[in-house]
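Each remark here refers to the structure printed beneath this line.
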Amino acid sequence: MADREIKITFPEKKMEALVFFLGEQNEKIEEVLTTHLDKTYEKYVPQQVRKFVDSQIAAAQEEAPVRAPRAQRQPGESRETGRRNARQGTRQNASRQEAPRAESETVAQENEAAQSVAEPEEMPGMSMGM
């Protein structure tokens, strides 16, 4: 679920003083305001409603597709070159995953061939004699 931005106005001089003194205590205004907003939410929103909202947020996070990290571009590399390298990496990973599968299929085919040589099939109505 998306976060919503809150925009408020506050006197500039007060903001400068607040940021200065929060900085002395290694705090950031965003963190302090977020904590205060969370406490206000817990104070005014009933527990059952909070549980419902939390379940909706969790469900939305589970439905969100997980994106694979983008390939890192080298300095001076064009965007297209970065995309091309990312595609090549994806292809290489796919071929690495397919290699063991192909080997196991080859082994299975060889086993079938060996069995057919060791045990000739008998067809009804046919017999071999000397």
*Could you tell me whether the side chain of Val45 reaches within less than 4.5 Å of the side chain of Val53, counting heavy atoms only?*
no

_Spacing of Gln61 atom CD and Glu63 atom CD [to the nearest 0.5 Å]_ = 11.0 Å

*asked:* According to a hydrophobic-cluster definition based on side-chain heavy atoms being under 4.5 Å apart (Ile, Leu, Val, Met, Phe, Trp, Tyr only), do Leu33 and Leu18 belong together?
replied: yes

*Which distance, rounded to the nearest 0.5 Å, do you find between the OG1 of Thr34 and the CD of Glu31?*
7.5 Å

*Please check if Ile29 and Ile8 belong to a single hydrophobic cluster, counting links between Ile, Leu, Val, Met, Phe, Trp and Tyr side chain heavy atoms closer than 4.5 Å.*
no

*asked:* Please say yes or no: joined through hydrophobic side-chain contacts below 4.5 Å, possibly via intermediate residues, are Met15 and Leu22 part of one cluster?
replied: yes

*Do the side chains of Phe10 and Val19 join up, straight or via other hydrophobic residues, at under 4.5 Å, putting them in one cluster?*
yes

*State the CG-CD distance between Asp54 and Gln47, to the nearest 0.5 angstrom.*
10.0 Å

*For Glu42 and Arg50, work out which heavy atoms get closest and say how close.*
O-NH1, 2.8 Å

_Tell me whether Glu12 at atom CD has more than 12 heavy atoms from other residues, nucleotides or ligands lying less than 6.0 Å away._
no

*Derivation and outcome, side-chain contact (heavy atoms from CB on, under 4.5 Å), residues Lys39 and Thr35*: CA-CA 6 Å; Lys39 288 179 183 177; Thr35 301; 3.9 Å; yes

*Report yes or no: do Tyr41 and Val49 belong to one cluster of Ile/Leu/Val/Met/Phe/Trp/Tyr joined by side chain heavy-atom distances under 4.5 Å?*
yes

